[in-house]
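Each chain gets a letter, A, B and so on, in the order the sequences are listed, and its residues count up from 1. What you are looking at is a predicted structure, and each value in this text was computed from that prediction instead of being measured.
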Number of protein chains: 2
Amino acid sequence: MKLPDTTVLGYALLGLIQLKPSSGYDLRKIFAETAMGNYSSSPGAIYPALERLESQGLIRGVVEDGVGLRRRRLYKLTSKGGSALKRWLSRPIAQADVMRGAQELMLRFSFMDRALGPDATIAFLAGFRSALEAYLAGLESYLSENAPQMPLSGRLALESGIRGYRGLYDWTDYAIRTYRQSQTSPRSRHAKTDRGGLR
Amino acid sequence: MKLPDTTVLGYALLGLIQLKPSSGYDLRKIFAETAMGNYSSSPGAIYPALERLESQGLIRGVVEDGVGLRRRRLYKLTSKGGSALKRWLSRPIAQADVMRGAQELMLRFSFMDRALGPDATIAFLAGFRSALEAYLAGLESYLSENAPQMPLSGRLALESGIRGYRGLYDWTDYAIRTYRQSQTSPRSRHAKTDRGGLR
DNA sequence: TCCACCATGTAACTGGTTACATGATTAC
DNA sequence: GTAATCATGTAACCAGTTACATGGTGGA
């Protein structure tokens with residue numbers, strides 16, 4: 001027991017590499033320049049993480065040696081890496097995931113349709129939705145019970161959280177509807193010039 | 001240069017101790033049982049953090065020795081700790097703070113009216129609001145430019161982020177209005193039975 | 001020639017996680 | 001007496017941060 005668990009950053013890397021084989025530099029740019037910027041992007045995080053993934057056999061890096069090219073190590077997902085990614089994407093939704101702001105769940109979602117297909121993605125969204133519903137119920141009952149005794153800023157901070165989760169809840173509805181539509185009329189689900197990820 | 005910077009957890013502890021002198025166990029309970037659960041709560045995080053704060057002179061712990069009482073170390077804010085807290089609360093809002101989900105900003109807000117008063121809090125909310133506006137503009141222009149080429153899940157994930165920030169933006173409006181109201185009719189801004197924090 | 005960018009590393013440090021340990025007090 | 005809770009610690013481990021280092025390539 002206690003085999004070195006893959007970090008969230010590791011899974012983010014796995015997911016991006018699955019979308020498109022990439023070098024460490026490519027991945028750093030994605031974290032630095034896109035909406036995925038909440039993850040590191042520093043070389044001291046990315047390169048060791050890639051080494052770890054490679055030593056676990058989840059990715060494999062090949063040095064590109066074209067003429068007049070800078071050396072760069074292009075990483076591809078191995079089949080073991082693919083199944084590790086799918087296992088992570090298929091994990092049941094814990095309420096702890098919701099409590100921590102649901103960022104990891106959103107990350108999973110953004111890789112999910114490519115790896116598991118639209119049906120699994122819709123199922124995931126439905127589970128996400130009911131987890132949010134349960135969590136919201138708790139927050140709202142807490143608020144209604146304690147609002148009178150709470151300091152104003154505490155009450156407002158809690159209300160901000162509630163609004164945020166309610167917004168996410170509405171979003172899951174919207175996302176499910178959108179997915180259903182795209183299934184019945186699947187014209188151009190992915191564009192050819194797709195560069196991957198949630199930029 | 002490079003004096004050991006106080007972590008976000010450290011500031012969370014400072015803020016809670018300012019609201020009410022507390023022991024490590026009290027603070028752990030707050031993190032474990034309230035909406036502040038995104039912070040550690042594990043003894044291996046709290047107690048070392050308290051030691052660090054004490055060694056920096058920001059708090060001071062006194063062992064309560066009442067008869068028939070379990071020994072517990074009650075921490076109080078020192079004046080140095082009070083000014084450190086105020087400095088943190090008064091920091092200008094960086095867009096990096098907004099990008100990382102604004103959790104630290106919400107933490108600052110929840111301690112702010114006690115430490116800096118309602119005027120500073122309203123000013124903070126106004127700054128928060130305009131930072132959100134700027135960030136939202138960037139996200140939305142990115143979306144409108146790239147939506148056609150993005151994979152469905154990536155687009156939806158981005159839209160979820162935009163909805164979240166828009167919700168926060170609306171919340172800042174609401175919070176500012178609420179604060180203004182409470183200033184003109186300041187009846188019972190804090191209840192006597194107040195137990196502090198954003199529970 | 002020199003700067004900007006591509007591209008990959010590494011070394012020191014440090015805060016948080018997990019897990020274990022200890023003992024006192026209260027309630028049953 | 002024993003279980004639950006109060007209350008505080010500590011030790012091993014590890015990922016991420018900061019900062020520095022290295023060298024190739026393309027354009028001005």
Side-chain angles (χ1 to χ4, degrees), chain A residues 1-14 17 21-33 36-56 58-59 61-75 96 100 103-104, chain B residues 1-14 17 21-33 36-56 58-59 61-75 96 100 103-104:
Chain A
M1 76 192 78
K2 206 74 254 291
L3 62 163
D5 238 11
T6 306
T7 24
V8 182
L9 173 63
Y11 285 117
L13 293 171
L14 277 187
I17 290 169
S22 305
S23 68
Y25 191 78
D26 294 336
L27 297 162
R28 284 185 63 202
K29 268 198 333 200
I30 291 173
F31 291 132
E33 295 169 4
M36 297 191 67
N38 31 334
Y39 296 99
S40 56
S41 101
S42 77
I46 303 283
Y47 291 107
L50 288 171
E51 281 166 24
R52 261 175 272 142
L53 293 174
E54 187 164 32
S55 78
Q56 291 176 281
L58 305 182
I59 58 176
V62 183
V63 185
E64 286 185 320
D65 263 336
V67 280
L69 277 177
R70 301 169 195 81
R71 91 186 194 287
R72 54 181 244 134
R73 190 172 295 264
L74 196 75
Y75 287 100
R100 283 171 198 160
Q103 294 181 34
E104 185 175 346
Chain B
M1 74 193 77
K2 204 76 253 289
L3 60 163
D5 239 11
T6 306
T7 26
V8 181
L9 174 63
Y11 283 117
L13 293 171
L14 277 187
I17 290 169
S22 306
S23 69
Y25 191 78
D26 295 336
L27 296 162
R28 285 185 61 202
K29 268 198 335 200
I30 292 174
F31 291 132
E33 296 169 6
M36 295 191 68
N38 32 335
Y39 296 99
S40 55
S41 101
S42 77
I46 303 283
Y47 290 107
L50 288 170
E51 282 165 23
R52 261 176 272 142
L53 293 174
E54 187 164 32
S55 78
Q56 293 176 281
L58 306 182
I59 58 176
V62 183
V63 185
E64 286 186 318
D65 263 335
V67 280
L69 277 177
R70 300 170 195 81
R71 91 185 193 290
R72 53 180 244 136
R73 192 172 293 264
L74 195 76
Y75 288 100
R100 284 171 199 160
Q103 294 182 32
E104 186 175 345

**Request:** Please report, rounded to the nearest Å, how far the P atom of C:dG15 is from the CG atom of B:Leu53.
**Result:** 11 Å
**Asked** Could you give the CG-to-C1' distance, from B:Leu74 to D:dT8, as a whole number of Å?
**Response** 14 Å
**Asked** What is the distance, rounded to the nearest whole Å, between atom NZ of B:Lys29 and atom P of D:dT8?
**Response** 11 Å
**Prompt:** Is A:Tyr25 near enough to C:dC6 that one of its side-chain N or O atoms lies under 4.0 angstrom from OP1 or OP2?
**Reply:** yes
**Prompt:** Taking OP1 and OP2 of C:dT8, is either one under 4.0 Å from a side-chain nitrogen or oxygen of A:Ser23?
**Reply:** yes
**Fill in**
Per atom distances to the B:Leu9 side chain, the nearest of C:dG16, D:dT10, C:dT17 is C:dG16
**Request:** Kindly give the heavy-atom pair with the smallest separation between A:Leu53 and A:Gly10, and that separation in Å.
**Result:** CD1-O, 3.7 Å
**Item:** Atom-to-atom span, CG of B:Asp5 to C1' of D:dA19 - whole angstrom
**Value:** 16 Å
**Request:** Report the distance from atom OG of B:Ser22 to atom CG of B:Leu27, rounding to the nearest 0.5 Å.
**Result:** 4.5 Å
**Message:** Between C1' on D:dT17 and CG on A:Asn38, what's the gap in Å once rounded to a whole number?
**Reply:** 16 Å
**Message:** Taking only side-chain N and O atoms of B:Ser42, does any of them lie within less than 4.0 angstrom of OP1 or OP2 on C:dG16?
**Reply:** no
**Message:** For A:Ala12 versus A:Phe31, what's the shortest heavy-atom pair and its separation?
**Reply:** CB-CZ, 4.1 Å
**Message:** Side chain of A:Arg73 only, heavy atoms from C-beta on: which candidate in C:dG15, C:dT17, C:dT8 is closest?
**Reply:** C:dT8
**Prompt:** From A:Thr7 OG1 over to A:Glu104 CD, what is the distance, rounded to the nearest 0.5 angstrom?
**Reply:** 10.0 Å
**Message:** Taking any heavy-atom pair under 4.0 Å as a contact, classify B:Gly24: base, sugar-phosphate, or nothing.
**Reply:** sugar-phosphate
**Complete:** To the nearest angstrom, the CG-C1' distance between A:Asp26 and C:dC6 comes to 10 Å
**Message:** Is the phosphate of C:dT8 approached by A:Tyr47 (side-chain N or O, under 4.0 Å from OP1 or OP2)?
**Reply:** yes
**Request:** Using atom CD of B:Glu51 as one end and atom P of D:dA7 as the other, report the distance to the nearest whole Å.
**Result:** 18 Å
**Message:** Nearest to the side chain of A:Pro43, heavy atoms from C-beta on, is which of C:dG15, D:dA19, D:dT10?
**Reply:** D:dA19
**Asked** When the distance from CZ of B:Arg72 to C1' of C:dT22 is rounded to whole Å, what number comes out?
**Response** 19 Å
**Request:** State whether A:Arg52 places a side-chain N or O below 4.0 Å from either non-bridging phosphate oxygen (OP1 or OP2) of D:dA15.
**Result:** yes
**Request:** Looking at every strand, decide which applies to B:Arg28 at a 4.0 Å heavy-atom threshold: base, sugar-phosphate, or nothing.
**Result:** base
**Request:** Could you pull out the closest heavy-atom pair between A:Gly44 and A:Pro48, with the gap in Å?
**Result:** O-CG, 3.2 Å
